[in-house]
Amino acid sequence: MLSMLGVPYTFRRVSLYSAGMTNIVRAMAQHDVRRLVCVSSSGTDPALHSRDTGGGFLFEKMLKPLVVATLGRTVYADMLRMEQLVTASALDWTIVCPGALFHTADVTDYRTADDFFAGRYTSRADLADCVLRQLDDRRRVRTVVAVATVAVQPTMVGIFWNEALQSVSR
């Protein structure tokens, strides 16, 4: 089972991730389906504020706290509730955590790591490829996988403008 639920940033309370995952876990148990791969975000990592992702002063001290603690606060809080539901389940789960998402036309060169990767950005095509590969990869069952695009790097301003500010204005 794949879950790639998503909502734009909002200041309103978010429950789609946790409510959706509650239903998914329940249905999987009823139908004896064991494998679950779901997408969360590196923004749910409580250590994110103290980790240096290599973004420089502007990113580390201004943009990252603004996005994680303010613009994305309600989204990341519900993603964390979703992660807690998944990790408490008896399923063969893998949680994939990308960095800030951006568009590329195709899958690029990307890297994965257990738990954390210093890359700040993940293309949606790379995320989709990584998630699909996890279905058959038993090495990362019951782990969190970080994924980051390394071949293409958007600008911080472009990511911030396209993803954070425009979604809040919707």
Side-chain angles (χ1 to χ4, degrees), residues 1-51 53 64-103 107 110-149 159 163-164 166-168 170:
M1 166 62 96
L2 295 177
S3 173
M4 296 182 76
L5 297 171
V7 298
Y9 290 141
T10 180
F11 294 110
R12 296 183 184 125
R13 186 176 192 282
V14 174
S15 62
L16 176 77
Y17 298 97
S18 57
M21 191 53 67
T22 297
N23 292 326
I24 290 169
V25 169
R26 185 180 306 127
M28 289 179 72
Q30 288 174 349
H31 296 281
D32 199 31
V33 175
R34 302 272 321 141
R35 186 69 173 122
L36 171 65
V37 179
C38 69
V39 174
S40 187
S41 172
S42 60
T44 63
D45 184 348
L48 181 66
H49 288 286
S50 61
R51 283 188 176 153
T53 60
K64 183 170 65 171
L66 176 65
V67 171
V68 173
T70 304
L71 298 175
R73 183 179 52 83
T74 59
V75 171
Y76 295 135
D78 194 44
M79 282 182 174
L80 185 56
R81 289 189 292 272
M82 175 191 70
E83 289 180 13
Q84 292 165 343
L85 288 164
V86 170
T87 59
S89 76
L91 298 172
D92 295 339
W93 55 265
T94 301
I95 299 172
V96 179
C97 292
L101 297 175
F102 71 102
H103 292 288
V107 174
Y110 65 90
R111 299 286 183 265
T112 62
D114 292 341
D115 192 39
F116 175 76
F117 190 85
R120 297 180 309 273
Y121 308 115
T122 307
S123 86
R124 286 178 173 87
D126 293 346
L127 173 60
D129 186 73
C130 177
V131 166
L132 288 172
R133 289 176 186 267
Q134 297 310 307
L135 279 176
D136 296 323
D137 188 350
R138 304 298 297 177
R139 294 172 295 163
R140 289 187 160 150
V141 168
R142 300 187 72 79
T143 62
V144 174
V145 176
V147 58
T149 299
I159 287 284
E163 304 298 334
Q166 288 187 9
S167 68
V168 170
R170 291 182 198 148

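Just the heavy atoms: all of them, side chains too, but no hydrogens, waters or symmetry mates, feed the values below.
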For Ala90 against Arg142, the heavy-atom pair lying closest together: C-NH1, 4.0 Å
- request: Supply the atom-to-atom distance Tyr76 OH to Ser42 OG, rounded to the nearest 0.5 angstrom.
  value: 6.5 Å
task: Report yes or no: do Arg133 and Thr112 form a side-chain donor-acceptor pair below 3.5 Å?
output: no
pair Gln84-Met21: side-chain heavy atoms closer than 4.5 Å: no
statement: With sequence neighbours left out, the residues meeting side-chain contact (heavy atoms from CB on, under 4.5 Å) with Leu5 are Ser3, Leu16, Tyr17
message: Would you say Thr94 and Gln134 are linked by a side-chain donor-acceptor pair, where the criterion is simply a distance under 3.5 Å?
response: no
- line: side-chain contact (heavy atoms from CB on, under 4.5 Å) filter on Leu91, not counting sequence neighbours, yields Val25, Met28, Leu36, Ser89
- request: Mark yes or no for whether Thr74, through its side chain, and Arg12, through its backbone, hold a donor-acceptor pair below 3.5 Å.
  value: yes
query: Out of curiosity, Ser40 OG to Leu80 CG, how far, rounded to the nearest 0.5 Å?
result: 7.5 Å
- request: Under the salt bridge (charged side-chain N to carboxylate O under 4.0 Å, His left out) rule, collect the residues that match up with Arg139, sequence neighbours excluded.
  value: Asp137
Side-chain heavy-atom pair Phe11, Leu71 within 4.5 angstrom cut-off: yes
message: List the residues meeting salt bridge (charged side-chain N to carboxylate O under 4.0 Å, His left out) with Arg111, not counting sequence neighbours, and say none if there are none.
response: Asp109
Close side-chain approach of Cys38 to Trp93, heavy-atom, < 4.5 Å: no
statement: When rounded to the nearest 0.5 Å, the distance separating OG1 of Thr87 from CE of Met82 is 10.0 Å
query: Can you tell me how far OG of Ser18 sits from CG of Asn23, rounded to the nearest 0.5 angstrom?
result: 10.0 Å
field: Those residues that, when tested against Arg34, pass salt bridge (charged side-chain N to carboxylate O under 4.0 Å, His left out) (two or more places apart)
entry: Asp92
Check: Glu83 and Val144 side chains under 4.5 Å, non-hydrogen atoms: no
- prompt: Is there a donor-acceptor pair closer than 3.5 Å between any side-chain N or O of Thr149 and the backbone N or O of Ser123?
  reply: yes
query: Can you name the side-chain contact (heavy atoms from CB on, under 4.5 Å) partners of Val107, sequence neighbours left out?
result: Tyr110, Ala125, Asp126, Asp129
- prompt: If every non-hydrogen atom of Ser15 is compared with every non-hydrogen atom of Asp78, which pair is closest and at what distance?
  reply: C-OD2, 3.0 Å
